[in-house]
J.: 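First the structure, then my questions, so here it is.
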Amino acid sequence: QVQLVESGGGLVQAGGSLRLSCAASGRTFNNYAMGWFRQAPGKERDIVAAISWSGWSGGSRYYVDSVKGRFTISRDNAKNTVYLQMNSLKPDDTAVYYCAAKYVSYSGNTYYTRTNEYDYWGQGTQVTVSS
C-alpha cells in the first residue's frame with residue numbers, strides 16, 4: 001500500500017508559479033511510475049505530466065501539449081517525492097491536481113497517461129489561477 005499526499009496548491013495570478021509536491025509513504029518509492037493529473041469542475045480527470053521509473057537515473061517524461069514548456073515533472077527518489085513545477089500559469093490551469101502512482105516490476109522508460117493505469121491516488125490539491 002502506498003499513501004500519497006499532495007501539497008503546494010493555492011491561489012496565484014496569471015503568469016505566476018507554483019510547485020506541487022507529492023510525498024509517498026508506506027512502501028519504497030522504488031518501482032513506481034508517477035503521474036500528475038488534474039480535474040476541473042464538470043470535466044474528466046486528465047493527465048498533465050508523467051515520469052517513468054528508471055532506477056536512479058531520472059526518468060522519461062511526458063507532458064500534455066497544453067503545459068509543454070511551462071510545467072516540469074521531477075522526482076527525488078531519496079525523498080520519496082515527486083514534484084510538478086508550474087510556471088506561466090494560466091486561468092485554464094485551474095483545477096484540482098492529483099498525484100498518482102503505478103507499480104512497475106522493472107525499471108525502464110515507460111510512463112503512463114491513463115487514469116485506469118494507476119494503482120494509488122492522492123487526495124488532490126486545489127490550484128486556482130486568477131486572470
Side-chain angles (χ1 to χ4, degrees):
Q1 190 78 8
V2 173
Q3 292 80 42
L4 303 173
V5 178
E6 302 99 334
S7 61
L11 174 64
V12 64
Q13 289 187 333
S17 298
L18 286 173
R19 188 176 81 155
L20 304 184
S21 299
C22 173
S25 62
R27 295 187 65 175
T28 178
F29 201 46
N30 298 341
N31 290 99
Y32 283 92
M34 303 297 295
W36 283 99
F37 290 75
R38 64 187 179 187
Q39 187 168 20
K43 295 188 177 181
E44 295 185 348
R45 189 174 299 186
D46 292 325
I47 185 72
V48 176
I51 189 167
S52 66
W53 163 247
S54 303
W56 298 99
S57 60
S60 295
R61 293 161 174 83
Y62 166 87
Y63 298 96
V64 69
D65 285 347
S66 60
V67 308
K68 285 181 180 177
R70 301 189 297 123
F71 290 11
T72 302
I73 187 172
S74 61
R75 62 190 299 163
D76 186 334
N77 296 322
K79 294 183 178 180
N80 286 358
T81 302
V82 64
Y83 303 97
L84 186 68
Q85 177 66 44
M86 306 186 295
N87 298 328
S88 302
L89 282 160
K90 304 175 181 179
D92 284 349
D93 296 318
T94 295
V96 177
Y97 283 70
Y98 296 91
C99 171
K102 174 182 172 58
Y103 179 80
V104 294
S105 57
Y106 54 88
S107 65
N109 294 319
T110 303
Y111 45 71
Y112 300 87
T113 61
R114 295 181 293 188
T115 56
N116 62 5
E117 293 179 306
Y118 283 84
D119 303 308
Y120 302 101
W121 291 85
Q123 82 289 349
T125 186
Q126 176 70 47
V127 172
T128 303
V129 185
S130 63
S131 57

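Small disclaimer: the values here were computed from a predicted structure and weren't measured.
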J.: Using every non-hydrogen atom in the two residues, find where Ala95 and Ala40 come nearest and quote the distance to one decimal.
T.: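 Looks like CB-N, 3.9 Å.
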J.: Gly108 and Ser54: which non-hydrogen atoms are nearest, and at how many Å?
T.: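 Taking every non-hydrogen atom into account, O-OG, 2.5 Å.
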J.: Please lay out, stage by stage, how Lys68 and Asp65 fare under the test salt bridge (Lys or Arg N to Asp or Glu O under 4.0 Å).
T.: CA-CA 5 Å; Lys68 285 181 180 177; Asp65 285 347; 3.0 Å; yes
J.: Classify the ring geometry between Tyr111 and Tyr62 as parallel (under 30°), tilted (30 to 60°) or perpendicular (over 60°).
T.: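 Plane angle between 30° and 60°, so tilted.
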J.: Using modelled atom types and a 3.5 Å cut-off, is there a donor and acceptor pairing between side-chain atoms of Glu6 and backbone atoms of Gln123?
T.: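 A pair under 3.5 Å: yes.
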J.: Taking all heavy atoms of Ser131 and all of Ala14, pick out the closest pair and write down the distance.
T.: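 Closest approach of Ser131 to Ala14, heavy atoms only: CA-CB, 4.4 Å.
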J.: Measure the CD1-OG1 distance between Ile51 and Thr110 for me, rounded to the nearest 0.5 Å.
T.: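 If we round to the nearest 0.5 Å, Ile51:CD1 and Thr110:OG1 are 13.0 Å apart.
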J.: Between Ser7 and Thr125, is the side chain to side chain contact (heavy atoms under 4.5 Å, CB included) condition met? List the steps.
T.: CA-CA 6 Å; Ser7 61; Thr125 186; 5.9 Å; no
J.: Could you state whether Ile47 and Tyr83 fall into the same hydrophobic cluster, counting links through intermediate Ile, Leu, Val, Met, Phe, Trp or Tyr residues with side-chain heavy atoms under 4.5 angstrom apart?
T.: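 Looking at the clustering, Tyr83 is in a separate group from Ile47.
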J.: Between atom CG of Leu89 and atom CG of Asp92, what is the distance when rounded to the nearest 0.5 Å?
T.: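 Spacing of CG (Leu89) from CG (Asp92) equals 11.0 Å.
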J.: Closest heavy-atom contact between Tyr98 and Gly122?
T.: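 Of all heavy-atom pairs spanning Tyr98 and Gly122, the closest is CD2-O, 3.6 Å.
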J.: Look only at the side chain of Thr81 and the backbone of Asp76, and say whether a donor-acceptor pair between them is shorter than 3.5 Å.
T.: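 Such a contact is absent between Thr81 side chain and Asp76 backbone.
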J.: Ser88 side chain to Arg70 main-chain N or O, any donor-acceptor pair under 3.5 Å?
T.: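 No; judged by distance alone, with no hydrogens or angles, the pair does not exist.
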J.: Is the closest side-chain heavy-atom distance between Val82 and Cys99 below 4.5 Å?
T.: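 In short, these two side chains touch, coming nearer than 4.5 Å.
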J.: Atom CE of Met34 and atom CG of Asn77: how far apart are they, to the nearest 0.5 Å?
T.: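 Those atoms lie 9.5 Å apart.
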J.: Given 3.5 Å as the limit, does a donor-acceptor pair link the side chain of Thr94 with the main chain of Val129, or not?
T.: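 Pair found, side chain donor or acceptor close to backbone of Val129.
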J.: Would you check if Met86 and Val127 make a side-chain contact, meaning some heavy-atom pair closer than 4.5 Å?
T.: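 Answer yes - side chains close enough.
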J.: Nearest 0.5 Å, what's the CZ-OG distance between Arg75 and Ser52?
T.: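 Rounded to the nearest 0.5 Å, the CZ-OG separation comes out at 7.5 Å.
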J.: Using every non-hydrogen atom in the two residues, find where Trp121 and Arg45 come nearest and quote the distance to one decimal.
T.: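 So the two residues come closest at CE3-NH1, 3.3 Å.
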J.: Quick check: do Asn80 and Ser25 have side-chain heavy atoms less than 4.5 Å from each other?
T.: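 The answer is no, as the side chains (C-beta and beyond) never meet within the 4.5 Å cut-off.
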J.: Atom CD1 of Ile73 and atom CD of Gln85: how far apart are they, to the nearest 0.5 Å?
T.: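 The distance works out to 12.5 Å.
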J.: Evaluate the side-chain proximity of Glu44 to Thr115: yes if any heavy-atom separation is below 4.5 Å, no if none is.
T.: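 A side-chain contact is absent here, since even the closest heavy-atom pair is not under 4.5 Å.
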J.: I want to check something: taking the side chain as every heavy atom from C-beta on, are Lys102 and Trp53 in contact at a cut-off of under 4.5 Å?
T.: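 Heavy-atom side-chain distance check fails, nothing below 4.5 Å.
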J.: What distance separates Phe71 CZ from Tyr97 OH, expressed to the nearest 0.5 Å?
T.: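 Separation between the atoms: 4.5 Å.
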J.: Taking the side chain as every heavy atom from C-beta outward, state whether Val64 and Asp46 have any atom pair closer than 4.5 Å.
T.: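 Not touching, per the 4.5 Å side-chain cut-off.
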J.: So which heavy atom on Leu4 is nearest to which on Ala24, and how close?
T.: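 The answer is CD2-CB, 3.7 Å.
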J.: Where does the angle between the aromatic ring planes of Tyr103 and Tyr32 fall among parallel (under 30°), tilted (30 to 60°) and perpendicular (over 60°)?
T.: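 Plane angle over 60°, so perpendicular.
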J.: Is Leu84 close to Arg38 at the side-chain level, that is, under 4.5 Å between some pair of heavy atoms?
T.: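 The answer is no; the side chains never approach within 4.5 Å.
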